Amino acid sequence: MSRIIGIDLGTTNTVVAFLDSGCPVIVPNAEGGRLTPSVVAFTDGGVVTGSEALRNAGVNPEETIASVKRRMGTSHRFHLRGGIYTPQEISGMILQKVAGDAGTYLGERIDKAVITVPAYFNNEQREATREAGVMAGLEVVRIINEPTAAALAYGLDKEEIHTVLVWDLGGGTFDVSILELGQGVFEVRAVSGDTRLGGDDWDQRLAGHLAGMIETETGIDPFLDKSAVPILKRIAEGAKKTLSDALLSDIDIPLGFRGEGNFAGRNVRARLSREEFEALTAPLLKRLAGPTIQALSDAGLRPIDIDRVILVGGATRMPAVRELARQMFGDSKICHDRINPDEVVAAGAAIQGGILAGEFSDLVLVDVTPLSLGIETQGGVFARIIDRNTRIPVSRNKIFTTAADDQASVSIHVLQGEKDAVSDNMSLGIFDLADIPPAPQGEPKIEVTFNIDVNGILRVSAVDLHTGNEQKIEVAPLHPSASIE
Ligand code: ADP
Ligand code: MG
């Protein structure tokens, strides 16, 4: 069986890992980097990806695509240089680059991969991710959840049962997951998060602060010049990273972004302390608490019940984030030293690849569905078919009937949520089962089956048990709790 690599196709960075004698190893890209920016740029010299594309973002932002992951599974189209591209095509270009680089590094053609997605990704987003892989010439042998991959990366050698909380703060998203590990079984108990919170927000906040400083010094708001925005954000990101290791950062901002005015050639210099940076970004840090409390309450757990906390995502390198994790869960529970937080998901994906390739024998993976799923019944009442946090893969069915005499068809309205009233839950799709033979109200038996496969994809079918008539759809479960602030 050929090698199955693991790919963390991140919003900000893409990371590839492979298994070397059972241990995950990060594969460097052609530029020698362990992280490849998930950026694609259309230039005069053709399409470029990774760090080259990221450099292009400053010069030519209109023809540079970043954070394409946010568009996966949507009908969004990118119009560039006369071409029209789907999000999966753009993601496919990123995958092609990293898989190509990995092939060069390993000296063999890479044609199989495990790709990770956030636990809340719906069917369309998972399918789009798979398509992106196919466009890159890869067979996507499995799509797995990022927190599950992180747990795999850390949980391999563990014998005792552990309740683990995964905090994943990446460039643009924050995900909280609670998992149970033990006896070779990894179970996701609950997921929550904030899709609009990530390291970028820390950069943005600091960039705004720097702009204010420049304005004080020069009387000119640098943000009036659009080209200053990426420059200031890049400088802010650099200072943020410095402050993860050092207590002070010296910041040097070149002025005259357009090369004009009295300021060309002049610099604004500042010294920023970690304390000042933390004060400036305290409101962002606070937003980590809400989704964490939500996930705990969904899992029916208190912080004290958590045995270990895994910090995932580059932004968890910030000392304030670690400190908050320590305050919430206790110092001894945090494991963060063994694997780099921005590499742990790829490492876990490589382990899953090894499991699928038969390199390990006794590991099983179990995930859960994050929200209850069901259908609309009479009076706008939501009838649950699969409860929230049920292990997947799962298949559940219930028998329904007609509400009127001689009713010839029923509408199956598929919903996701926790509320009893249909109108308070999210609609995922609707389909009709017709040709029901005339019968008194309540007599026909319509069996509705909800099936979620190992990749988290949901299929709903309805069968008239008298005639055997069947209708089905594939629908898309949505994010559990997008933004709790
Ligand atoms: P994603 O999962 O979104 O692709 P990553 O896990 O690679 O992202 O995290 C990217 C984020 O981590 C960026 O906002 C980056 O600035 C931040 N980051 C990386 N290294 C550090 C560091 N040393 N200190 C603080 N933030 C960091
Ligand atoms: Mg990530």
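Just so it is clear, the model here is predicted, and its values are computed rather than measured. Just so you know, ligand 1 is whichever comes first in the structure, and atom 1 is the first atom listed for that ligand.
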Amino acids in close contact with ligand 1, where any non-hydrogen atom sits under 4.0 angstrom away: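 Ligand 1 is contacted, at a heavy-atom distance under 4.0 Å, by Gly10, Thr11, Thr12, Asn13, Gly170, Gly171, Gly199, Asp200, Glu237, Lys240, Lys241, Ser244, Gly313, Gly314, Ala315, Arg317, Met318, Asp342.
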
Can you find a side-chain donor-acceptor pair between [X] and [Y] that sits under 3.5 Å?
{"X": "Thr14", "Y": "Thr36", "value": "no"}
{"X": "Asn56", "Y": "Glu52", "value": "no"}
{"X": "Arg126", "Y": "Asn145", "value": "yes"}

Atom CZ of Arg71 with >12 non-hydrogen neighbours under 6.0 angstrom: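 Incorrect, the count does not exceed 12.
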
Interatomic distance, Leu288 atom CG to Ile293 atom CD1 [nearest 0.5 angstrom]: 11.0 Å

is_close_aromatic(Phe42, Tyr85), centroid dist under 6.0 Å: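 Yes, the ring of Phe42 comes within the 6.0 Å limit of the ring of Tyr85, centre to centre.
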
